[in-house]
Amino acid sequence: MNNQDLLATLNDEQRAAVCSQGTHLLVIAGPGTGKTRVLVSRIFHLLNEGTRPEGILAVTFTNKAASEIKERLSRLGLDRLPFVGTFHSWAYSLVLNSTKKRPYVMGEDEQRQLLREALEAAGIKGRDKGLKDRLLLLKQQYKPKIDEAEGELLALWESYHALLSEYDVMDYDDLIIRAVEIVEKNGSGYLSYVLVDEFQDVSQLQFHLVRLLARSSLITAIGDANQAIYGFRGASPRFMERFRNELGPVETVRLSKAYRCPQRILDAASSFIGEDSGLVSQKGTGEGIVYKCFENEEREAAWIAGQIDRLVGGTSFESLNAATGAADAQRSLSDVCILYRARFMSEPLVSALLRQGIPFHTPFRQRRKVSRLFFAIRHLAALLEGRTEDFHIKMLGIKKKEAVFLINQLKEAIEQGSLQDEFLKQLEARLNISVGDQEKQKLREIIGLLRSKAPLSLIFKEEQDELDFSVEAVTLMTLHASKGLEFPIVFLCGLDQDVLPWKDSDLDEERRLFYVGLTRSAEHLFLTSSKRRKIYGRRVETGPSAFLTKINDYLHKDQQKANRKKPSLKKKQKSLF
DNA sequence: CACTAGAAAATTTTT
DNA sequence: TTTTCTAGTG
């Protein structure tokens with residue numbers, strides 16, 4: 001594809017964003033306005049206008065987003081791509097270039113373990129009352145004012161960092177901190193353009209890094225402050241404003257044509273957020289938003305399952321007959337998504353779907369079941385690389401003597417390029433695990449890779465638990481996980497008091513979370529709540545969320561209740577709002 | 001050191 | 001309700 005053809009496929013605003021030059025650029029991209037499209041097209045355009053790939057950096061927050069961009073770029077027929085990756089992977093490559101020794105970046109569980117140790121070293125006993133979380137949040141600051149932190153947090157900070165340097169390991173945030181240092185020292189003159197996706201998700205530390213890069217590169221920030229839902233990990237919608245105010249001249253382009261949601265949903269969503277988003281749907285008015293409240297979460301789930309069954313034309317024998325009256329076009333199960341605030345809420349849904357015989361899948365954050373075997377091999381390999389011993393032996397949870405023994409066996413296996421039964425036996429015995437056939441096969445591959453001296457980070461790259469949307473199944477996920485996705489049919493359930501604005505959470509962020517949920521729907525949107533709900537084994541009187549009142553005008557209440565004409569019930573319902 | 005009973009807490013998530 | 005952590009035994 002050539003550049004002119006590509007530009008011709010964009011709308012005016014998108015084209016303005018893609019072609020912007022001479023200043024920093026802020027693209028405000030509401031739901032379904034073609035954010036990724038603009039990002040990809042702009043990179044393509046810049047390359048076509050003569051910028052070399054090395055002069056462009058595109059950063060995202062997830063590897064998934066990065067691969068999507070890369071894929072779309074290659075589909076446009078580019079042979080040399082610029083660096084497209086996460087903040088962290090870019091930072092890692094910077095660090096790698098500036099040191100002799102390969103840094104060891106801890107995984108989540110390793111960091112947890114180290115924090116535990118740090119707590120102990122700091123003499124903090126008993127429950128940690130969220131100290132760890134506060135430390136992690138503090139670390140999202142550029143040069144955090146730790147002296148002002150109260151005693152325990154300060155003590156934990158110091159003992160944690162003492163351990164990091166003692167063990168010669170880094171955490172993910174250290175990568176960004178090191179990147180800041182490197183850019184401060186060497187500048188980034190080689191970069192002409194830096195594009196940042198999902199800018200509303202940057203932490204203060206990342207914002208600072210971008211600000212540094214802005215000294216010698218033109219920055220393109222794309223995002224939507226209304227979809228900032230990661231405050232608990234240091235992000236803030238404020239950084240969108242600050243980008244505009246603090247980086248010198250910034251051109252702002254607001255994308256207003258929305259290709260996903262029908263107008264009614266956009267109106268409900270923007271009126272809820274209390275902002276005239278100016279989003280214009282390209283899909284017409286759309287159907288009404290259906291809302292229904294239930295007695296308890298089980299009835300709620302059963303109703304949802306029933307609706308899905310009806311919409312997809314019936315999957316069970318019973319509904320096959322009943323389905324003749326279905327008004328809607330036949331739907332596929334993969335068109336349907338059920339969203340909820342917290343994972344525990346999927347339980348009644350799962351039961352109801354099973355009962356109804358409706359297949360479903362969840363992007364279940366695989367409880368980090370990194371098998372103990374590969375975890376161990378990774379640490380043994382690190383030791384074999386000659387890294388500081390203490391950390392890795394500690395992580396292995398075995399005696400040094402045993403570790404040395406296993407290292408030698410691993411060394412031998414690598415040299416011979418084969419997996420000896422004896423080594424397996426020893427691994428099983430000393431690590432107290434059993435190794436299945438599949439793991440054995442994978443272990444052989446790993447040994448082969450280790451032999452080839454490929455970088456450790458590549459060998460032990462954790463597999464992502466991607467959701468396969470081609471599967472004929474309903475998708476169940478949290479509101480957070482749904483950001484960036486869209487489905488023709490969306491059920492947003494559990495809109496209860498203290499559940500959707502989650503109790504004691506930042507109200508504004510909860511609002512944005514609701515906004516995200518509403519705007520996932522490309523056609524039909526169903527909202528449900530419950531009067532009672534089981535939360536952690538406790539029956540709680542919840543009732544409809546106050547959020548629902550704010551979009552009351554846009555709701556199409558389920559007619560069953562209206563037909564029965566029970567004024568008392570109606571009144572009661574109303575008074576709840 | 002490994003095990004267990006009992007208490008306390010429990011969103012949301014990426015690298 | 002279920003998980004997770006601590007303090008206390010054997």
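Numbers restart at 1 for each chain; the letters A, B, ... are given by sequence-line order, proteins then strands. Everything numeric here is computed off the predicted structure, so don't read it as measured data.
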Does the structure show A:Phe232 stacking with B:dT13, if we require the centres to be closer than 5.5 Å and the planes to be within less than 30 degrees of parallel?
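Ring-base stacking flag not set for A:Phe232 and B:dT13.
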Across the strands shown, which category fits [X] at heavy-atom distances under 4.0 angstrom: base, sugar-phosphate, nothing?
X: A:Arg539; answer: nothing
X: A:Phe61; answer: sugar-phosphate
X: A:Tyr230; answer: sugar-phosphate

Roughly how many Å is it from [atom1] in [X] to [atom2] in [N], rounded to a whole number?
X: A:Gln206; N: B:dT15; atom1: CD; atom2: P; result: 12 Å
X: A:Tyr172; N: B:dT13; atom1: OH; atom2: C1'; result: 12 Å
X: A:Ile535; N: C:dT2; atom1: CD1; atom2: P; result: 16 Å
X: A:Leu131; N: C:dC5; atom1: CG; atom2: P; result: 14 Å
X: A:Leu137; N: B:dT13; atom1: CG; atom2: C1'; result: 13 Å
X: A:Leu209; N: B:dT15; atom1: CG; atom2: P; result: 17 Å
X: A:Met106; N: B:dT15; atom1: CE; atom2: P; result: 17 Å
X: A:Leu507; N: B:dT12; atom1: CG; atom2: P; result: 19 Å

Please list every donor-acceptor pair under 3.5 Å in which a side-chain atom of residues 500-507 of chain A meets a protein atom from a residue at least two apart or in another chain.
unit_1, atom_1, unit_2, atom_2, d
A:Asp506, OD1, A:Asp508, N, 3.3

Just to verify, what does [X] make a ring pair (Phe, Tyr, Trp, His ring centres under 6.0 Å) with, not counting sequence neighbours?
X: A:His88; value: A:Tyr172
X: A:Phe405; value: none
X: A:Phe514; value: A:Phe272, A:Phe547
X: A:Phe360; value: none

Assign each of A:Lys399 and A:Ala481 to its nearest nucleotide of DNA chain B by heavy atoms, then name whichever residue's nucleotide is nearer the 5' end.
A:Lys399
Holding to side chain to side chain donor-acceptor pair (under 3.5 Å), I want the full list of residues that pass it with A:Thr475, two or more places apart in sequence or in another chain.
A:His361
Span that lies between the C1' atom of B:dT12 and that of C:dC5, in whole angstrom:
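22 Å, rounded to whole Å.
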Which pairs with one or both residues in residues 100-125 of chain A pass ring pair (Phe, Tyr, Trp, His ring centres under 6.0 Å), sequence neighbours excluded?
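Residue pairs passing ring pair (Phe, Tyr, Trp, His ring centres under 6.0 Å), neighbours aside: A:Tyr104-A:His379, A:Tyr104-A:Phe391, A:Tyr104-A:His392.
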What are the atom names and distances for every N/O pair under 3.5 Å that joins the protein to nucleotides 9-11 of chain B?
unit_1, atom_1, unit_2, atom_2, d
B:dT11, OP1, A:Tyr536, OH, 3.3
B:dT11, O2, A:Arg341, NH1, 3.1
B:dT11, O2, A:Arg341, NH2, 2.8
B:dT11, N3, A:Ser505, OG, 3.2
B:dT11, O4, A:Ser505, OG, 3.4

Is any side-chain N or O of A:Ser89 closer than 4.0 Å to OP1 or OP2 of B:dT15?
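No.
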At under 4.0 Å, does any side-chain N or O of A:Asn63 touch on OP1 or OP2 of B:dT14?
no
For A:Glu300 and A:Arg533: C-alpha separation, side-chain torsions, deciding distance, then whether salt bridge (Lys or Arg N to Asp or Glu O under 4.0 Å) applies.
CA-CA 10 Å; A:Glu300 180 187 27; A:Arg533 182 175 301 276; 2.9 Å; yes
Would you say that A:Tyr193 contacts A:Arg42 through its side chain, given a criterion of any heavy-atom pair below 4.5 Å between the two side chains?
yes
When you measure from the centre of the six-membered ring of A:Phe239, is the NZ or CZ of A:Arg242 closer than 6.0 Å and no more than 45° off the axis?
no
Show me the dot-bracket string of DNA chain B, counting Watson-Crick or G-U pairs under 3.5 Å, with | for pairs to another strand and [ ] for crossing ones.
||||||||||.....
